[in-house]
Amino acid sequence: MGQLGSRVGLYDAATVRVSATGTIQVMTGAHSHGQGHETVFAQVVADKLGIAEAAVEIVHGDTSKIPFGMGSYGSRSLAVCGSAMDRALDKIIAKGKKIAAHMLEAAEGDITFENGSFSVTGTDKAKSFGEIAFSAYVPHNYPLETLEPGLEETAFYDPNNFTYPAGAYLCEVEIDPDTGKVTICSFTCADDFGNVMNPMVVEGQVHGGVAQGIGQALVEHTAYDENGQLLTASYMDYAMPRADDLPFYQVDHSCVTPCSHNPLGVKGCGEAGAIGSPPAVVNAVIDALHRAGMDHVDHIDMPLTPARVWAAMQA
Amino acid sequence: MTQVTMTVNGKSVSGQVEGRTLLAEFLREDLRLTGTHIGCDTSQCGACIVHVNGNAIKSCTALAADLDGAEVRTIEGMANADGSLSVIQQAFQDHHGLQCGFCTPGMVMTAAALLKENPKPSEAEIRAYLEGNICRCTGYHNIVKAIMAASGQDVSAIAAE
Amino acid sequence: MYNFEFAKAKTIADAVKALSSGDAQALGGGQTLLPTMKQRLAAPTTLVSLNAIPEMIGVCVNDAGEVCIGGATTHATVAREAAAHYPALAALASHIGDPAVRNRGTIGGSLANNDPSACYPAAALGSGAVIKTNARDIAADDYFLGMFTTALDEGEIITEVRFPVPQKANYQKFVQPASRFALVGVYVAKYAGGVRVAVTGAASDGVFRWAEAEAALSADFAATALDALAVPGNDMIADLHGSADYRAHLVKVMTKRAVAAAA
Ligand SMILES: Cc1cc2nc3c(=O)[nH]c(=O)nc-3n(C[C@H](O)[C@H](O)[C@H](O)COP(=O)(O)OP(=O)(O)OC[C@H]3O[C@@H](n4cnc5c(N)ncnc54)[C@H](O)[C@@H]3O)c2cc1C
Ligand code: FES
Ligand code: FES
């Protein structure tokens with residue numbers, strides 16, 4: 001990342017701790033405050049290890065427990081922290097293979113890991129992930145010079161590029177010609193986020209982003225007077241979009257172009273909704289005014305409050 | 001100090017409160033029922049909504065002393081008797097109706113009040129009824145969907161993907 | 001919020017007595033007063049709750065056919081119980097704030113507060129209502145004295161509001177996007193004796209009657225009767241949410257819509 005202009009590595013970190021009973025704790029540098037990391041990160045681990053999601057606990061936010069990370073911002077949690085987790089899981093599997101080789105009396109190179117099971121390639125000799133975890137903490141006859149007990153790994157993952165999600169946003173509005181009030185009739189988002197680990201969570205991220213963006217486009221405004229006095233110091237004056245300002249959104253991510261440079265093939269999705277929606281809303285308003293013959297209106301500053309739209313129509 | 005007695009989630013409780021003690025404070029600090037959230041503290045956001053004598057009210061804008069003798073229900077009293085989630089709560093979970101969860105107690109209490117008045121509300125009726133509940137995470141989509149589902153309406157056709 | 005003594009009156013007489021001492025203040029639904037006290041813009045030593053005075057709660061129709069609403073009746077109750085008797089008033093009440101606010105806020109509190117953007121003042125003035133207090137009856141025309149100012153004396157409480165029921169009426173509210181109070185709200189009521197038009201949200205002096213519109217509509221109760229009229233922008237509120245000209249324009253638009261909806 002440093003060479004792309006950030007001048008430092010924008011890495012993140014994950015520690016995967018497998019307990020003797022095969023349950024897993026993942027300590028992550030990313031923080032979840034509603035994005036669904038507990039769900040999606042657990043999926044990453046469960047899918048990779050072939051175990052139940054319920055066996056995975058995600059630990060975040062407690063700096064006395066987690067490795068040093070960079071946190072949640074810039075739509076990076078799954079792409080960067082999830083990738084760190086994936087790398088740590090690679091190390092877990094590699095260590096598991098060593099343990100399996102010892103237990104199954106085979107060469108490490110002959111062990112394959114698939115569907116939660118370590119087996120000697122081409123034979124039916126196998127140990128489940130749980131058996132390997134138990135053995136790691138109850139090591140019998142381990143060659144201690146080459147095989148440490150325990151099953152816990154940390155990885156720091158520094159991406160070598162940004163991810164490049166792409167999308168198209170479509171907004172249909174109606175404007176009340178008498179008052180300038182804009183009503184959002186429909187809103188459609190199509191995004192390519194690469195691989196989608198959990199469609200429900202991804203949709204939720206888009207919905208929330210779109211509402212933030214529509215809010216920015218239509219009502220939200222931090223206003224000061226000429227003396228620097230904040231005018232929108234309470235919610236009596238600072239407007240936020242409410243349920244009745246917004247429609248159901250159509251969300252599509254049927255186009256999947258996996259990210260080519262992170263192990264999960266995922267791209268950032270957290271900010272897309274908030275990025276695509278303001279221009280879509282404003283363009284829709286301008287387009288509606290043009291269709292109504294008001295070709296002179298090419299620009300209205302956000303937020304497009306009824307008063308501003310009405311004023312633009314009068315100009 | 002004033003002595004107040006209320007029935008909270010079916011249990012009789014009492015305590016000494018100052019005149020200025022808000023219902024939200026009495027619930028959270030005296031009774032330790034911290035499921036009721038305080039978001040704005042200025043009666044705009046709805047995070048603090050509870051039911052008093054069956055009506056949804058903002059507990060940040062009501063005095064505990066004024067509600068002596070009231071029947072109060074909070075989010076802690078919404079689950080079924082066996083501890084499983086109520087229909088509304090389950091619908092919020094099934095339809096991803098919460099992200100950070102800050103608005104959720106108020107949303108659930110408001111939804112319960114709505115469905116009591118209007119067992120099969122339309123999308124527009126739900127959105128109108130949520131006027132005093134602000135959510136900054138979900139864009140309301142899955143909240144409205146969850147409430148429709150909780151009222152037994154088929155939501156499979158609602159734009160998801 | 002500074003602390004205060006709390007008292008709960010059981011009768012109007014109790015309340016009046018409790019309010020006569022020190023700087024005691026009446027508490028209705030608290031939807032305005034409590035936020036104000038949290039900001040320390042008010043700090044009464046005693047609050048006297050009016051919420052448990054049975055004679056101040058409820059909606060009824062008197063022998064003269066007027067709708068009488070107890071001063072401590074919530075907006076939600078008015079929305080429900082006045083619907084059969086005075087639908088336009090009930091509809092106005094059903095759009096004040098949100099459901100939780102409507103379950104606490106009261107008509108007496110709203111009229112006593114006289115917020116320049118509040119809804120009830122438009123209904124009271126537009127209906128020529130009578131505001132009944134513990135001491136006297138005040139005609140709406142004499143009651144509203146400017147932004148947050150009314151004819152009420154210190155310690156005087158609104159016990160009832162009496163609304164003559166018009167032949168036709170409608171309230172149109174154009175909401176301020178943040179507070180959802182009226183950026184402009186217009187109440188139009190057609191009585192046998194003429195039409196009344198009351199405007200809230202728009203003027204810096206609070207609710208007012210638009211006399212020209214009343215005259216035009218009394219002659220011809222149709223939205224087109226207003227075509228030639230215009231409200232001057234001079235006395236209009238200008239703020240973040242709309243210029244004086246915008247508000248003046250909205251007054252006419254909302255009046256027309258109210259007439260069209262009532263007719
Ligand atoms: C989120 C929100 C949205 C709102 N939206 C709207 C809206 O759209 N339109 C609108 O009109 N209002 C709106 N309001 C205001 C609401 O209607 C209030 O309920 C009302 O203005 C005050 O009534 P209250 O009973 O809560 O009075 P309180 O807050 O208890 O009291 C207000 C004032 O009136 C005095 N008072 C109370 N009762 C009486 C009485 N019976 N006699 C004499 N004095 C009394 C008090 O001493 C105090 O000075 C909103 C409020 C909130 C919090
Ligand atoms: S905390 Fe009560 S409404 Fe926001
Ligand atoms: S889920 Fe976060 S505010 Fe609603």
Side-chain angles (χ1 to χ4, degrees), chain B residues 1-4 16-25 36 38 40-70 106-107 109-118 121 125-134, chain C residues 1-10 24-53 57 72 74-77 79-80 94-106 109 173 175-181:
Chain B
M1 298 290 259
T2 313
Q3 171 82 15
V4 293
Q16 291 283 324
V17 297
E18 289 187 322
R20 64 180 164 183
T21 303
L22 302 169
L23 176 60
E25 292 168 343
T36 297
I38 299 179
C40 62
D41 201 22
T42 52
S43 60
Q44 265 87 25
C45 76
C48 66
I49 288 178
V50 301
H51 296 179
V52 169
N53 301 329
N55 297 320
I57 70 150
K58 291 175 173 172
S59 63
C60 74
T61 312
L63 299 175
D66 205 10
L67 297 171
D68 188 35
M107 290 288 182
M109 299 314 287
T110 301
L114 167 63
L115 296 187
K116 200 177 73 172
E117 273 175 39
N118 182 354
E125 286 169 337
I126 295 172
R127 290 184 185 277
Y129 206 88
L130 292 178
E131 171 159 354
N133 292 78
I134 290 174
Chain C
M1 178 161 43
Y2 293 111
N3 201 17
F4 49 83
E5 289 298 315
F6 178 81
K8 199 160 184 169
K10 293 277 180 332
Q25 195 169 346
L27 175 71
Q31 302 301 291
T32 297
L33 184 54
L34 295 178
T36 310
M37 288 170 62
K38 285 181 185 178
Q39 289 179 291
R40 298 183 176 176
L41 297 173
T45 51
T46 305
L47 273 194
V48 181
S49 167
L50 308 178
N51 292 311
I53 303 177
I57 298 169
T74 62
H75 310 330
T77 301
R80 237 180 0 253
S94 74
H95 286 98
I96 295 177
D98 54 65
V101 167
R102 295 195 284 275
N103 282 330
R104 291 298 289 171
T106 66
K173 175 182 180 185
V175 299
Q176 193 259 59
S179 70
R180 304 277 181 128
F181 276 66

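Chain letters run A, B, ... following the sequence lines, proteins first and then strands; every chain starts at 1. All values reported here derive from a predicted model rather than from experimental measurement.
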> Side chain, backbone, both or neither: which part of B:Asn133 has a non-hydrogen atom closer than 4.5 Å to chain C?
Replying inline: neither
> Quick one: what part of B:Ala62 sits under 4.5 Å from any heavy atom of chain C, side chain, backbone, both or neither?
Replying inline: both
Within this structure, what is the [atom1]-[atom2] distance for the pair [X] and [Y], rounded to the nearest 0.5 Å?
| X | Y | atom1 | atom2 | value |
| --- | --- | --- | --- | --- |
| B:Asn55 | C:Arg104 | CG | CZ | 9.5 Å |
| C:Asn3 | C:Met37 | CG | CE | 8.5 Å |
| C:Ser49 | C:Lys10 | OG | NZ | 9.0 Å |

Max heavy-atom pair count under 4.5 Å with chain C, selected residue of [options]:
| options | result |
| --- | --- |
| B:Ile49, B:Leu130, B:Leu63, B:Thr110 | B:Leu63 |
| B:Gly106, B:Cys60, B:Ala128 | B:Cys60 |
| B:Asp41, B:Thr2, B:Asp68 | B:Asp41 |
| B:Glu18, B:Gln44, B:Glu117, B:Met109 | B:Glu18 |

Structural part of [X] lying under 4.5 Å from a heavy atom of chain B:
| X | value |
| --- | --- |
| C:Gln31 | both |
| C:Leu27 | side chain |
| C:Asn51 | side chain |

> Counting heavy-atom pairs under 4.5 Å to chain B, which of C:His95, C:Lys8, C:Gln39 comes out on top?
Replying inline: C:Lys8
> Do the side chain of C:Lys173 and the main chain of C:Arg180 share a donor and acceptor less than 3.5 angstrom apart?
Replying inline: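 Yes, C:Lys173 side chain to C:Arg180 backbone: donor-acceptor pair under 3.5 Å.
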>> Can a donor-acceptor pair be found, under 3.5 Å and without considering hydrogens, that links the side chain of C:Asn103 to the backbone of B:Ala56?
In response: yes
>> How close do C:Val48 and C:Ala24 get, counting heavy atoms only, and between which atoms?
In response: CG2-CB, 4.4 Å
>> Give me the atom names and distance for the closest heavy-atom approach of C:Ala72 to C:Thr106.
In response: O-CG2, 3.6 Å
